[in-house]
Amino acid sequence: MKRWQNVNGIYQIYPRSFKDTNSDGVGDLAGITEKLDYINGKPDSLGINAIWLSPFYPSPMADFGYDITDYCGVNPLFGTLDDFSRLIDEAHARDIKVMIDYVPNHTSDEHAWFEESKSSRENKKRDWYVWRDPKPDGTPPNNWLSVFGGSAWEFDPASGQYYLHSFLTKQPDLNWSNPEVREAMCDVLHFWLKIGVDGIRADAVRWISKDPDLRDNPLNPNYEEGKGMDPYLSQIQTFSRYGVHLFAHLRQISDVIESYPDRIILFEDYPDASLDLKSQYSEFYAVNPHVAAPFNFEGFKVEYGAGPFRKFIDRFQADIGVESRPFYCFGNHDKPRLVSRVGKEQAKLLGLLQLTLPGTPVIYYGDEIGMKNGIISPDKVHDPFEKQTPGLGLGRDPERTPMQWSAEPFAGFSRVEPWLPIASDFTTENAVEELHDPTSFLYMYRALLSLRDMHVLRFGTYAPWDGSDEFVYGYFREDTESQILILLNMSAEPTMRDVGIDGQIMYSTHAVDNAMIGNSVALQAYHGVVIRNIR
Ligand code: GLC
């Protein structure tokens, strides 16, 4: 992909939780605009030059904006279309590209399209959604499950048919087999691209094509009832997604993206672990190598440790080859916070890893200051996933707590009680406190994003370092001009390593003098270094 050459990373903003300017306890577009200096363009900025905004469209908020009633509008909770245009202009003035969320698989059940579709079997939009007769005994047409729990079918007594919802009942699936739907959804893209949006993050794309015969999914033999597993895993999703037309549909929307200069599209896709990973990634990369790519989310699942991470990165880099650009993502609004998953020191090392790998890192707001999962008491639960499958740890509120700007009341996020509680450590873990602390997360993210201006870190090759073992993971980044070695001591044991090069330490997670003595590097527990070969 030749587009977005100047982008050093993408910063994901969850608009509800970034900055509240109108004192309703919920973040807004004006708040994002107000904080653009934090992101780029000033000496103290984070120094990242693309943002991705989770949905800000009109929505009854059953799934916090992923249930949309108007694809081409702005929810008054977040502002107006003018606020959005202002945000774009101000972002562009700071050299920040703006990516927005695009939710092709489903609308809200309150979308005018669905209301029409539901109104009668004869309505001309009936076929815009997936309607089917009950089985003779009145049960749903097949055994498919909703990702968020329960059947994927909801009965409509008025018309006597079921409609399909791969997510919530309030998120009916669009029927992408219908060319009118595809055209309408391409129009949505034109609308935002014309306004000046630079990129699209396409939500849950795997579901937009299903088995045309709607066959039952096979049961998963490895699923154990009552063992706290996600009930969705009780089936293998053979027929409910990843259908034969998936890549044709993605090609159609990618063509729209390609018709505008320097725009890109990223597909949200979690590969199916029961199928071959390499071929799944290559299919997504092959959709349109000029403008489209999938995220890589494997960092969410890989067990923390030098061995497992080395294996994961080596494999993925080799699988996709040098032509495809990786978009490694270690945190988002759907998964527990990095610090809470692996621990503080460990999370910092993974941050260092992400920022020194090839491609374009995607960073979730707050991860750059080491935010933890918030504690959500049962009466504060908002997320429907937690409400529908309680107690399994699937709820997503903990990773959506407000951004910790400062030690002021409500962490400087709002002047009133926010929609979700602020995490308790905000008086020390916040953007103001961390700015000048060389041992902080923020300091590291700023330093490494600035190092990523070097050609070698952005475009250089990746090659494993031979000295890697189960404690230390090392790799080279190299171009014709320079060679960089990154060493991550992912263990709690200090260690000394001979690296065989004359190096200069460009960044170290630990403030130590003399980490490099001759060709040897002294690594503290959970210590990471970036070394430039000065041959
Ligand atoms: C994606 C989103 C998630 C949402 C779901 C349904 O996975 O990231 O937040 O709930 O799709 O739209």
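This one's a predicted model, so the numbers in the text were calculated from it and none came from an experiment. Remember, it's 1-based here, ligands and their atoms both numbered in the order they're listed.
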Enquirer: Determine whether the aromatic ring centres of residues Phe247 and Trp176 are separated by less than 6.0 angstrom.
Expert: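 Ring centres of Phe247 and Trp176 not closer than 6.0 Å.
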
Enquirer: Dump all N/O pairs between ligand 1 and the protein below 3.5 Å as a table: atom names plus distance, one pair per row.
Expert:
unit_1: ligand 1; atom_1: 7 (O); unit_2: Glu268; atom_2: OE1; d: 3.2
unit_1: ligand 1; atom_1: 7 (O); unit_2: Glu268; atom_2: OE2; d: 2.8
unit_1: ligand 1; atom_1: 8 (O); unit_2: Arg201; atom_2: NH2; d: 3.0
unit_1: ligand 1; atom_1: 8 (O); unit_2: Glu268; atom_2: OE2; d: 3.4
unit_1: ligand 1; atom_1: 8 (O); unit_2: His333; atom_2: NE2; d: 2.9
unit_1: ligand 1; atom_1: 8 (O); unit_2: Asp334; atom_2: OD2; d: 2.5
unit_1: ligand 1; atom_1: 9 (O); unit_2: His333; atom_2: NE2; d: 3.0
unit_1: ligand 1; atom_1: 9 (O); unit_2: Asp334; atom_2: OD1; d: 2.7
unit_1: ligand 1; atom_1: 9 (O); unit_2: Arg396; atom_2: NH1; d: 3.3
unit_1: ligand 1; atom_1: 10 (O); unit_2: Asp63; atom_2: OD1; d: 3.3
unit_1: ligand 1; atom_1: 10 (O); unit_2: Asp63; atom_2: OD2; d: 2.6
unit_1: ligand 1; atom_1: 10 (O); unit_2: Arg396; atom_2: NH1; d: 2.9
unit_1: ligand 1; atom_1: 11 (O); unit_2: Asp203; atom_2: OD1; d: 2.9
unit_1: ligand 1; atom_1: 11 (O); unit_2: Asp203; atom_2: OD2; d: 3.1
unit_1: ligand 1; atom_1: 12 (O); unit_2: His106; atom_2: NE2; d: 2.8
unit_1: ligand 1; atom_1: 12 (O); unit_2: Asp203; atom_2: OD2; d: 2.9

Enquirer: Step by step, work out the side chain to side chain contact (heavy atoms under 4.5 Å, CB included) result for Tyr285 and Glu283.
Expert: CA-CA 5 Å; Tyr285 274 109; Glu283 285 174 310; over 6 Å; no

Enquirer: Do any pairs count as a ring pair (Phe, Tyr, Trp, His ring centres under 6.0 Å) and have a residue in residues 183-217, sequence neighbours left out, and if so which ones?
Expert: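 Output for this query lists Phe56-Trp192, Tyr57-Trp192, Phe84-Trp192, Phe167-Trp207, His190-Tyr260.
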
Enquirer: May I ask you to decide if Asn430's main-chain N or O and Gln404's side chain share a donor-acceptor pair within less than 3.5 Å?
Expert: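 No: the side chain of Gln404 does not pair with the backbone of Asn430.
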
Enquirer: With sequence neighbours excluded, tell me which residues meet ring-ring contact (aromatic ring centres under 6.0 Å, His included) with Phe316.
Expert: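 Residues passing ring-ring contact (aromatic ring centres under 6.0 Å, His included) with Phe316: Tyr281, Tyr328.
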
Enquirer: Of all residues at least two apart in sequence or in a different chain, which pass the ring-ring contact (aromatic ring centres under 6.0 Å, His included) check with Tyr102?
Expert: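 ring-ring contact (aromatic ring centres under 6.0 Å, His included) list for Tyr102, sorted by chain: empty.
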
